[in-house]
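Input: a single structure, listed below in structure tokens.
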Amino acid sequence: MSTLSYHILVVGAGPAGGAAALAAARMGMRVLMVDRRRAVGLPVQCAEYVPRMLVGTLGLGTGFVVQSVRGLRTHVDGQPVRETAAPGFIIRRDALDRALVEEATAAGAHLMLSTRAVKRIDNNTVLLKRGDGHEFLVEAQVIVGADGPRSTVGRWVGSINSNLLLGLQVTVPLAVPHELEYAEVYFDRDIYGGYGWLFPRGDTANVGLGCKPLPRGQETPNGLLRRFVAGFAAQGKVKNDPIRRTGGLIPAESLRKAVHGNVLLAGDAAGHTHPITGAGIFPAITCGEMAGKWAAQSIIDGNTKVLENYDEEWMDLLAGSLAHAHKRRLEMDAGWPDFPHIIPRCWIAFPEYHDRRNHSLAKHSTRLG
């Protein structure tokens, strides 16, 4: 069996993996990035909204941007209750992923698609398997796990996402192309522990829902999504003619370490996704870049303790918001039977969400209006 040698092995070629590989390659590291998929960014498993400031800081141009949105409109039980200024972009997620990976390979990183990380042989050796069945070993001083919510690398080090929401989405034509300027979210008691969305993307829209597993006896998630889309079609917003369907899992985790010896986790694999909104692109790219940087620096310094700086840096940036969101996630899960009174405490558009004082569900009596 052949053995390849690299400084850093990155498992996963999504935003976190692409950003990690790019950062490390720019620091002169020999980087191998592998992904089990046959094409970078496909299939798309994302609502494709990003905050405006992210695009400006990436330095990747705007070729992946579909349209801008002025803000966020929140609906509860079908009624608009809040409009929030939140400038952002709806993007082509596959194009963003490709842009990151292309920058990484241009910087010197190697990419292997249709390649799975099968087994960790020892601290520095990983068994990989290509789609054609060929197996080979890779030796690497640092391993970055950026392989999604059911991370194989995370499982190797005992870091497993246990609280996962189901995300389902269709892309449908807008009834009037380029008409919508706001991203829209919808809270409905049937979308258990989550919400639905309509995000405009030029002449189409992404319509989806993210929720906890539905209680026994309720309609299936796919049935709920079909009814959700049909409602927009009846309003004359969209045409009920799906162009693309996708689905996936969304971590809703509490904070935990992302450094495990010489293994670093980033993005969904580390539970960096926002437990309430499900937003994951910004933390994936940001934390991926940090992981790649500290992986490279540890090799340059010849000191694995340098890797601990990764946990310190990403926690300094994100721990406060993610810990608060996880607290609200627990409140939402426990308080869903009191829908819609729980929504203001558990959705970012309301001032009650940002109140850091302790409140019991029994004392909470805020109503929408």
Side-chain angles (χ1 to χ4, degrees), residues 41-52 64-96 165-212 214 218-250 276-281 339-340 343 347-349 368:
L42 296 174
V44 172
Q45 294 177 306
C46 180
E48 301 184 298
Y49 166 82
V50 296
R52 184 180 294 270
F64 50 86
V65 171
V66 178
Q67 80 161 75
S68 62
V69 291
R70 297 172 58 186
L72 180 70
R73 285 179 175 152
T74 299
H75 300 71
V76 179
D77 277 339
Q79 300 300 312
V81 297
R82 205 86 182 174
E83 187 172 293
T84 309
F89 293 108
I90 307 298
I91 64 168
R92 285 185 54 205
R93 169 62 189 278
D94 57 334
L96 171 61
L165 307 182
L166 174 64
L168 294 173
Q169 178 174 271
V170 293
T171 301
V172 294
L174 282 174
V176 181
H178 302 277
E179 180 185 50
L180 301 182
E181 297 181 312
Y182 282 79
E184 299 182 353
V185 300
Y186 293 80
F187 287 92
D188 185 292
R189 66 184 70 248
D190 290 341
I191 307 175
Y192 184 62
Y195 65 93
W197 60 83
L198 188 156
F199 289 175
R201 52 192 321 274
D203 58 356
T204 65
N206 287 337
V207 180
L209 53 87
C211 60
K212 303 285 286 185
L214 299 178
Q218 290 194 6
E219 64 187 313
T220 66
N222 281 316
L224 182 57
L225 179 59
R226 285 193 295 270
R227 179 158 60 86
F228 192 49
V229 175
F232 289 130
Q235 296 171 29
K237 280 190 172 183
V238 306
K239 298 177 182 178
N240 197 350
D241 186 19
I243 299 167
R244 179 180 71 182
R245 300 176 186 271
T246 188
L249 297 172
I250 307 166
I276 287 291
T277 67
I281 297 177
F339 181 94
I343 301 304
W347 180 242
I348 59 170
L368 297 167

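Residue numbers count from 1 along this sequence.
- Residues I348 and T84 form no side-chain contact, since every pair of their non-hydrogen atoms from C-beta on lies 4.5 Å or further apart.
- A distance-only check finds a donor-acceptor pair linking the side chain of Q45 to the backbone of G247 [under 3.5 Å].
- The closest side-chain heavy-atom distance from F64 to V50 is not below 4.5 Å.
- Atom NZ of K239 has 12 or fewer neighbouring heavy atoms from other residues, nucleotides or ligands inside a 6.0 Å radius.
- In this structure the side chain of L209 never reaches within 4.5 angstrom of the side chain of D188, judged on heavy atoms.
- Put simply, the side chain of R93 never gets that close to the backbone of C46: no donor and acceptor are under 3.5 Å apart.
- Atom OG1 of T74 is separated from atom OH of Y186 by 10.0 Å, given to the nearest 0.5 angstrom.
- Between the OG1 atom of T246 and the CG atom of L168 there is a distance of 8.5 Å, given to the nearest 0.5 Å.
- Side-chain contact between I276 and W347 is present, with at least one heavy-atom pair separated by less than 4.5 Å.
- The CG atom of D190 sits 10.0 Å away from the SG atom of C211 when rounded to the nearest 0.5 Å.
- Here the side chain of T204 pairs no donor or acceptor atom with the backbone of T171 at under 3.5 angstrom.
- Summarising the geometry, atom CG belonging to L225 is positioned 10.0 Å from atom CD belonging to E219; distances are rounded to the nearest 0.5 Å.
- With sequence neighbours excluded, the residues that form a salt bridge (Lys or Arg N to Asp or Glu O under 4.0 Å) with E184 are K237.
- Classified by interplanar angle (parallel below 30°, tilted 30° to 60°, perpendicular above 60°), the ring pair F187/Y195 is tilted.
- Screening residues 41-52 for salt bridge (Lys or Arg N to Asp or Glu O under 4.0 Å), with sequence neighbours left out, gives E48-R201, E48-R244.
- P200 and A183 make their closest contact through CD-CA, 4.2 Å (heavy atoms, listed as atom of the first residue, atom of the second, distance).
- Using a 4.5 Å heavy-atom threshold, the side chains of L198 and F228 count as separate.
- Rounding to the nearest 0.5 Å gives a distance of 14.0 Å between CG of L224 and OH of Y192.
- Side-chain atoms of N206 never come within 3.5 Å of backbone atoms of F199 as a donor-acceptor pair (strictly under, hydrogens ignored).
- One finds the CD atom of E83 at 9.0 Å from the CG atom of L72 (value rounded to the nearest 0.5 Å).
- Both tests pass for R73 against the ring of Y182: distance under 6.0 Å to the centre and angle within 45° of the axis.
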Run the side chain to side chain contact (heavy atoms under 4.5 Å, CB included) test on V81 and I343 for me, step by step, so that the C-alpha distance in whole Å, both residues' side-chain angles and the decisive distance to 0.1 Å come before the verdict. CA-CA 11 Å; V81 297; I343 301 304; over 6 Å; no
